[in-house]
Protein chains: 2
Amino acid sequence: MVRLMPRPGAASAEAGNVSIAAVARQAGVSVATVSRVLNGQAVVKAETRDKVMAAVEVLGYRMNHLARNLRTAASRLLLTMVPDVGNPFYAEIVRGIDSVARQHGYFVLLCDTGADPGRERSYFDLLRTRRADGAICLDPDTVQHALAEESASLPWVACCEFDPAVPVPYVGIDNRAAAAEAVNHLLAQGHRDIALINSDERFLYARQRRQGYRDALADAGLRLHPEWQLTVQSLDFAAGAAAAAQLMALPEPPTAIFAVSDTLAIGVLRGLRDVGRRVPDDVAVIGFDDIAIAAQIDPPLTTILQPMRELGETAARLLLQRLAEPGAVVPGMLLPHRLIRRASG
Amino acid sequence: MVRLMPRPGAASAEAGNVSIAAVARQAGVSVATVSRVLNGQAVVKAETRDKVMAAVEVLGYRMNHLARNLRTAASRLLLTMVPDVGNPFYAEIVRGIDSVARQHGYFVLLCDTGADPGRERSYFDLLRTRRADGAICLDPDTVQHALAEESASLPWVACCEFDPAVPVPYVGIDNRAAAAEAVNHLLAQGHRDIALINSDERFLYARQRRQGYRDALADAGLRLHPEWQLTVQSLDFAAGAAAAAQLMALPEPPTAIFAVSDTLAIGVLRGLRDVGRRVPDDVAVIGFDDIAIAAQIDPPLTTILQPMRELGETAARLLLQRLAEPGAVVPGMLLPHRLIRRASG
DNA sequence: ACCATGAATGTAATCGATTACATCGTGTAT
DNA sequence: ATACACGATGTAATCGATTACATTCATGGT
């Protein structure tokens, strides 16, 4: 007879090492019965149930989910891939995802990809190897694209960013229309010289918002000034400040600036202040997202509200739906945005 | 003979269902050999190794980590419990944790507890049931306290918040000294009427910073005005704004305000602006944390810098250390803070 | 009185890995 | 030539759950 092999990891003898077999022994029943009681599906006599529950109590038993998951091939973990956890926009979406996930008994595995395809791929492997049941991806559609081909059958959904050509459920907003609305608002204030501070065009939203900006100007019969269209590589404050400084250094500086994210816009405000321009008197500024801080700063930021919480909640629900019925149709949803007028423009 | 039972979860026949046994069959070797190749520890002939690797390639095999983790009793998941993911202070700490964890091949399971003991307990169960290898807790020391008794032997560390009486490794800063430094700075500017906007005193840092505030005033020979010491229930902007309004409505309003977090301080700035007070001319404001936005707003916020990134990195390293050698001594570490002078006070 | 019925519980196969121990060759010391 | 050591690989126990099928026993219909 081969002797027992000690388990490498769990050395100590503290609680938590109690298995279902120990409970069965203590209660004087079989493991199957214990499992039935614990999962509460099958019929078990009340008396037996009580014995089992008592044994659970006495031993301080807690289920080993690894074992359960191995057998049921489910981890009850939802992967969430975001380009940047520190960005308040994403943080709020993550909250929405988290709340829906928890309501349904799932935990969220939050991964910061830095919009890096390599990291994203390694996280996706968690899905392939079933360490996670499903995934929500907020990364640039361009990096999704590469993955989509090899992972079309995996249970994941896209949030904010998506490639309409890829058959994956998604939720987002109409970025083109929203951007046009922002620019139209500036036009309505009498501005004609409107700059765009756009982010990395690997992002779908960046390309769509640029289009909205161009459409709005074209509709107003205005020509595009290439030097008023800037692209920055990150969404942080410094990038916005630098872009603002660059615009103000132009021979013909714009009188209004549309920044595609509130973080950029806040940086813009700072950059304008640094070069002595007043907002909104000298230059009007409009942002995008309506993160919480936007209403707090001086001057309060005019912006386009994205329903961040709902975006997250919807993405989670879409994913849960897809997990429940794998064969179902894949809806793509657009949520409404809204212009929030404040003092900055 | 009992016939094969189909697995409930994995119904479809796509890739990812390839097991080590299938690889062994394909390569014409045993599962043990495949495992040895995959883990690269034991001696395997180069020729055999190649056969196995080829089979892995052909079948598109990916390891099922659930199975491996069940056997090795490790999940390579690190739990991180924070009171609020949306708070930029915590977001930056999480980044620090994440970077160290990933460097060591761990994934981070981020959990938003809302400082709620019930939720925290349910997350802690992930540890008990070995779904996570270790945990980092940023929740109030008061909620840690309850858990610590029943979980003293579990592998977790405390970050920012900790109960010195509980034998758990921790990393934080000297909140009392930092708060005293903030108040001393205000005193050095000539302020005598200094208010404190403190957060929920379930948090250790809140109690320690209050102490620092009191010590500094006492050392300066000033008496404490109870009506200048406010406690708010959340760290959001609105709470800060409301508190500022309340202070300014006093018959004897203070000339300086120390808020225990930058988010509160930003709210304070807004609240003061709303009631027509100028910063720093009428009222000086100092915050705490030095989150990124603090330098961007107008006026830029004077504050106490906490090394957020390092706090997270250190917490992760402490945890990894504890996992590596369970019996080791439990260090408690305090990281340096620093006063950042800007325009607000 | 007998058997079908079904409720309650037990037995053991199974998920997919790791790994202790067994086994099988082959080269080398005696 | 025999024995022994060692390198390479195979066999099967094991982690802790779920669950298909078997078994047991009481009840009710005829």
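Within every chain, numbering begins at 1; the chains are lettered A, B, ... in the order of the sequence lines, protein sequences first and strands thereafter.
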- Sugar-phosphate, base or nothing in reach of A/Ser35, heavy atoms under 4.0 Å: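 Base, at least one base atom sits under 4.0 Å.
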
- Query: When all nucleic acid strands are considered with a 4.0 Å heavy-atom cut-off, which category describes B/Asn39: base, sugar-phosphate, or nothing?
  - Reply: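 Sugar-phosphate, no base atom in range.
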
- Is the count of non-hydrogen atoms from other residues, nucleotides or ligands lying under 6.0 Å from B/Glu57 atom CD greater than 12?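 No, CD of B/Glu57 has 12 or fewer neighbouring heavy atoms, counting only those of other groups under 6.0 Å.
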
Tell me the interatomic distance from [X], atom [atom1], to [N], atom [atom2], rounded to whole angstroms.
X	N	atom1	atom2	result
B/Asn64	C/dC15	CG	P	12 Å
A/Leu66	D/dC15	CG	C1'	10 Å
A/Arg71	D/dT14	CZ	C1'	16 Å
A/Asn69	C/dG16	CG	C1'	13 Å
B/Arg131	D/dA17	CZ	P	13 Å
A/Leu38	D/dG16	CG	P	15 Å
A/Asp50	C/dT9	CG	P	11 Å
A/Glu47	D/dA26	CD	P	14 Å

- Contact under 4.0 Å: B/Arg68 side-chain N or O vs C/dT18 OP1/OP2: yes

- Counting primed atoms, P, OP1 and OP2 as sugar-phosphate and everything else as base, the B/S/- map of nucleotides 5-10 of chain D against protein heavy atoms under 4.0 Å is ---SBB

- From B/Tyr170 OH over to B/Asp141 CG, what is the distance, rounded to the nearest 0.5 angstrom? 12.0 Å

- Message: Under a 4.0 Å threshold between the charged nitrogen and the carboxylate oxygen, would A/Glu313 count as salt-bridged to A/Arg317?
- Response: yes

- Item | Qualifying residue for side-chain contact (heavy atoms from CB on, under 4.5 Å) with A/Val108, from A/Val100, A/Ile136, A/Leu77, A/Ile97 |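 Running side-chain contact (heavy atoms from CB on, under 4.5 Å) over A/Val100, A/Ile136, A/Leu77, A/Ile97 with A/Val108 returns exactly one hit, A/Ile97.
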
- Task: Take B/Phe162 and B/Val168 through the test side chain to side chain contact (heavy atoms under 4.5 Å, CB included) and record every step on the way to the result.
- Result: CA-CA 8 Å; B/Phe162 53 89; B/Val168 157; over 6 Å; no

- Task: Assess the side chains of B/Ser75 and B/Asn69: does a donor N or O sit below 3.5 Å from an acceptor N or O?
- Result: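 Absent: no donor and acceptor within the cut-off.
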
- Apply side-chain hydrogen bond (donor to acceptor under 3.5 Å, both in side chains) to B/Arg49 and list each qualifying residue two or more places apart in sequence or on a separate chain. none

